[in-house]
Amino acid sequence: MIPTEQLLSFILASTLLCLAPGPDNLFVLSHSARFGYRGGWLVTLGLCTGLVVHTTLVAWGLAALLLTYPIALQLIQWAGALYLLTLAWQAFTSDHPGVRQQQPEIRGFQLYRRGIIMNLSNPKVSLFFLAFLPQFVSNDAQPMSGQLMFLGGVFILIALIVFAAIAYLAGNLGRWLNRSPGISLWLERITGLVFVAIALNLMLGSVGIPD
């Protein structure tokens, strides 16, 4: 077992990381304001599903292989950025009545899938876990893979709680803002800008991938 003091340090560090402004927080915030608490919750579940994948990659040692293939990292990030730019375009054009009528209704699974794609399109999450999780592994407890999965699970639980709180607050605020067509339009614009910002972060972040 991981020592209690070491585990508490990990919980504190993970909580601070989840609370710090970042792409995932903004993604949950924008979707919650636009689609309500339920939409933000589904996006949160998708993001946490992606974190399960990243944790598994680290525990199995597969994340270390990503460092060997920087081109693969860049391709994944650029694909994710392109997806986000597509979402941004939909948000920017949703004020036109004709376009709004042509766009299909966004269902729950689509929001859940958005969260998964958003998380998995950033392979640096795996690299972050690769650097972060082993710092809290106990040398006296075995096996290491089990400890990494446990720590990853704790991190995911914390992320789930933090993102759900953001979704609740932003969802209630968005429900009030959406009562006004003018404010609703600007909310769509802001959502589009958030998607563009996250996409740029992915594209510019790929430049820093080590060779």
Side-chain angles (χ1 to χ4, degrees), residues 1-32 37 40-70 72-73 76-77 80 112 114-171 194 197-198 201-202 204-210:
M1 285 292 295
I2 299 175
T4 303
E5 183 177 349
Q6 197 166 322
L7 180 59
L8 291 176
S9 298
F10 174 77
I11 292 174
L12 176 60
S14 299
T15 302
L16 293 176
L17 286 171
C18 290
L19 288 172
D24 286 353
N25 288 12
L26 291 175
F27 202 69
V28 173
L29 180 66
S30 61
H31 276 83
S32 302
Y37 167 70
W41 173 246
L42 289 169
V43 167
T44 294
L45 290 178
L47 290 170
C48 289
T49 300
L51 289 176
V52 171
V53 176
H54 289 298
T55 300
T56 304
L57 290 176
V58 171
W60 288 358
L62 298 178
L65 294 177
L66 292 176
L67 291 172
T68 312
Y69 301 99
L73 291 176
I76 294 173
Q77 287 183 274
Y112 172 69
R114 282 188 181 187
I116 296 177
I117 296 175
M118 165 62 188
N119 194 269
L120 294 184
S121 65
N122 188 2
K124 284 194 171 181
V125 176
S126 285
L127 302 183
F128 165 73
F129 271 19
L130 184 63
F132 179 65
L133 297 183
Q135 298 181 42
F136 299 91
V137 169
S138 173
N139 295 327
D140 300 328
Q142 295 295 333
M144 179 178 289
S145 59
Q147 293 185 67
L148 291 173
M149 287 297 296
F150 173 74
L151 291 171
V154 173
F155 186 94
I156 292 169
L157 178 60
I158 294 172
L160 186 67
I161 295 173
V162 171
F163 292 166
I166 294 174
Y168 178 77
L169 295 174
V194 169
I198 298 175
N201 179 67
L202 279 176
L204 296 178
S206 66
V207 178
I209 295 174

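Atom set for the values below is all heavy atoms of this structure, side chains included, hydrogens, waters and symmetry mates excluded.
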* Check the pair F150, L7 against side-chain contact (heavy atoms from CB on, under 4.5 Å), reporting the backbone distance first and the verdict last. => CA-CA 10 Å; F150 173 74; L7 180 59; 3.8 Å; yes
Nearest-0.5 Å distance that lies between atom [atom1] in [X] and atom [atom2] in [Y]:
X: L47; Y: M118; atom1: CG; atom2: CE; value: 6.5 Å
X: L16; Y: I11; atom1: CG; atom2: CD1; value: 12.0 Å
X: L160; Y: C18; atom1: CG; atom2: SG; value: 10.0 Å
X: L42; Y: R114; atom1: CG; atom2: CZ; value: 11.5 Å
X: N25; Y: T44; atom1: CG; atom2: OG1; value: 9.5 Å
X: F10; Y: I158; atom1: CZ; atom2: CD1; value: 6.5 Å

So which atom in [X] and which in [Y] form the shortest heavy-atom distance, rounded to 0.1 Å?
X: A170; Y: L29; value: CB-CD1, 3.4 Å
X: A13; Y: F132; value: CB-CZ, 4.0 Å
X: L148; Y: V58; value: CD1-O, 4.0 Å
X: F155; Y: S14; value: CD1-OG, 3.3 Å

* **Non-hydrogen side-chain atoms of M144 and P134 separated by less than 4.5 Å** => no
* Carefully, step by step, assess F129 and L57 under the rule side-chain contact (heavy atoms from CB on, under 4.5 Å). => CA-CA 9 Å; F129 271 19; L57 290 176; over 6 Å; no
* Which residues pass the side chain to side chain contact (heavy atoms under 4.5 Å, CB included) test with T56, sequence neighbours left out? -> V52, W60, M149
* Asked: Hey, what's the ring geometry for W41 with Y37, parallel, tilted or perpendicular (30° and 60° as the breaks)?
  -> parallel
* Asked: Are F128 and L17 close enough, and set up right, to give a side-chain contact (heavy atoms from CB on, under 4.5 Å), and what steps lead you there?
  -> CA-CA 11 Å; F128 165 73; L17 286 171; 3.5 Å; yes
* Structure fact -> Applying side chain to side chain donor-acceptor pair (under 3.5 Å) to Y112 and not counting sequence neighbours gives T49
Can you list, pair by pair, the side-chain donor-acceptor contacts under 3.5 Å of residues 161-168, counting residues two or more places apart and other chains?
none

* Asked: Taking H54 for the side chain and N119 for the main chain, is one N or O donor matched with an acceptor at less than 3.5 Å?
  -> yes
